[in-house]
There are 2 protein chains.
Amino acid sequence: MREFLRTKGYKMTPQREMIFRAFFELGEHVTVEELYEKVRKIDPSVGHSTVWRNLKLICEVGLAEEVKMGDGVTRYDRVTRQPHGHFFCTECKSVVEFNVEPIVDIMTTEAAGRNFAPEHFKVEVHGVCAECREKVGRQTARGTSPGIEDDDHATVEERGNTSR
Amino acid sequence: MREFLRTKGYKMTPQREMIFRAFFELGEHVTVEELYEKVRKIDPSVGHSTVWRNLKLICEVGLAEEVKMGDGVTRYDRVTRQPHGHFFCTECKSVVEFNVEPIVDIMTTEAAGRNFAPEHFKVEVHGVCAECREKVGRQTARGTSPGIEDDDHATVEERGNTSR
DNA sequence: ATTGCAATTGAAAATCGTTTTCAATTGTCG
DNA sequence: CGACAATTGAAAACGATTTTCAATTGCAAT
């Protein structure tokens, strides 16, 4: 690893090693917060920005990539695995993966037709997972337009707004 | 429209009407900034937060939805149109759409198998568009051997480059 | 019309995730 | 060993978005 980084013009430091290791020990879809937590359990002196910078670095050297599910939190995914899509549960925030090979094929063809050079594919399905469907009894399944009943995303600890 | 909103418990106001109208006059992938600009050309007294709030409202009543392309800027898309994917050029920030029906079919099947209730699909291809490839001569493509097919309707929308 | 009240507004301040600044420290290479 | 660029930590800066708050304004019931 030290070598790998050196060839790219980066130095190895204790903090960096710790952060890299922690990142790869955490599973998939790691958030900075999670990584930060894990790292400072080992060494509380490691700074906020150092974790950030190194997470970025991991991406820069091609070992991970950002995954944003429009909820404001960026997650980071190792790139070692096959390309994959994500099921995002809007209720419990869980993330499940699925195979996207056939989809990537389609997109590749589509891109070629436009002389567009694809570098990265992103395929997401937002909805409600099996467990949450049971709990909440929500039924927005079919291809119908989502019910726009006001006051959704309940049960989740959102901002405690009650004013107005 | 006034009626439509009233039934949902919202009032119509001059600002609101102006903002709604402006939003629908602007094309696709509208940013708050663009909308704000357009609105305050008509009435400079309209506040920042009012535009924001109403854009959110447009989404809430189901007339538009957020489209985040991982570059920090949220765009808003009318929901009247067919579901579509986005080609996102990392160089010039242009956005081009493509049909995703076959892809949605696959995702729907995939979701059904997991008893996942899909509400929204997001399909993106990030890469370099035809024009930028010529300019920069970049070739970072993967699996794509870009046969120079007919480049048809490429509705390329230039975007002001916002640094970050 | 007049009234009551919740919805709405504008301005400013507050959040939140992320990035940058800066001085001090530490790898790496000659 | 030194020099020097890369790295670090803390704090401040940032940009997008949200909230606060007092003042205003639709709208429904009088």
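The basis for the numbers below is simple: all heavy atoms, side chains too, and nothing from hydrogens, waters or symmetry mates. The sequence lines fix the lettering, A, B, ..., with proteins before strands; numbering per chain opens at 1. Keep in mind the model is a prediction, meaning the values are calculated, not measured.
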Contacts of B/N115 meeting side chain to side chain donor-acceptor pair (under 3.5 Å) (sequence neighbours excluded), chain-then-number -> A/R133

With five pairs defining each end axis, the helix from C/dA1-D/dT30 to C/dG30-D/dC1 comes out bent, to 10°, by 30°

Salt bridge (charged side-chain N to carboxylate O under 4.0 Å, His left out) pairs touching residues 35-57 of chain A, sequence neighbours excluded, are A/E25-A/K38, A/K56-A/E66

Over 60° means perpendicular and under 30° means parallel, so classify the ring planes of A/H84 and A/H29, tilted if in between. perpendicular

In whole angstroms, the gap separating C1' of D/dA16 from CZ of B/R75 amounts to 13 Å

Between A/L63 and A/F20, the two heavy atoms sitting closest are CD1-CE2, 4.3 Å

Separation of D/dA6 atom P from A/K8 atom NZ, nearest Å, is 16 Å

Requested in this report: Answer yes if the ring centres of B/H86 and B/F88 are under 6.0 angstrom apart, and no otherwise.
Outcome: no

When the ring planes of B/H48 and B/Y36 are compared, do they come out parallel, tilted or perpendicular, using 30° and 60° as the limits?
-> perpendicular

Practice problem: State, with a plain yes or no, whether a side-chain heavy atom of B/E97 is found less than 4.5 Å away from one of B/E28. | Solution: yes

In whole angstroms, the gap separating C1' of D/dT8 from NZ of A/K56 amounts to 18 Å

So CD of B/Q15 and OG of B/S45: to nearest 0.5 Å the spacing works out to 7.0 Å

So CZ of A/R2 and OG1 of A/T13: to nearest 0.5 Å the spacing works out to 8.5 Å

Of B/V32 and A/G47, the one whose closest nucleotide on DNA chain D sits nearer the 5' end is A/G47

Could you tell me how the ring of B/F87 sits relative to the ring of B/F98: parallel (under 30°), tilted (30 to 60°) or perpendicular (over 60°)? tilted

N/O donor-acceptor pair under 3.5 Å between A/T31 side chain and A/R75 backbone:
no

Are the side chains of A/F23 and A/R78 in touch, meaning some heavy atoms are under 4.5 Å apart? yes

Notebook entry, point to check: Closer than 4.0 Å, any side-chain N/O of B/N54 to the OP1 or OP2 of C/dT8?
Noted result: no

Once base and sugar-phosphate atoms are separated, protein heavy atoms under 4.0 Å mark nucleotides 25-30 of chain C, 5' to 3', with B, S and - as --BSS-

Q) So, do A/V32 and A/L35 sit near enough that their side-chain heavy atoms are less than 4.5 Å apart? A) no

Where do N or O atoms of nucleotides 21-24 of chain C meet protein N or O atoms at under 3.5 Å, pair by pair?
{"residue": "C/dT21", "atom": "O4", "partner": "A/R53", "partner atom": "NH1", "Å": "3.3"}

Whole-Å distance, A/L55 CG to D/dT7 P, equals 15 Å

Rounded to whole Å, CG of B/L5 lies from P of D/dA28 at a distance of 13 Å

For the backbone of B/K68 and the side chain of B/K122, can you confirm whether one donor and one acceptor N or O come within less than 3.5 Å of each other?
yes

Ordered by number, residues from residues 34-46 of chain A within less than 4.0 Å of DNA chain D (heavy atoms) are A/S45, A/V46

Separation of D/dA5 atom C1' from A/R16 atom CZ, nearest Å, is 13 Å

A/H48 atom NE2 is separated from C/dT19 atom P, nearest whole Å, by 10 Å

Taken to the nearest whole Å, CH2/B/W52 to P/C/dT15 is 18 Å

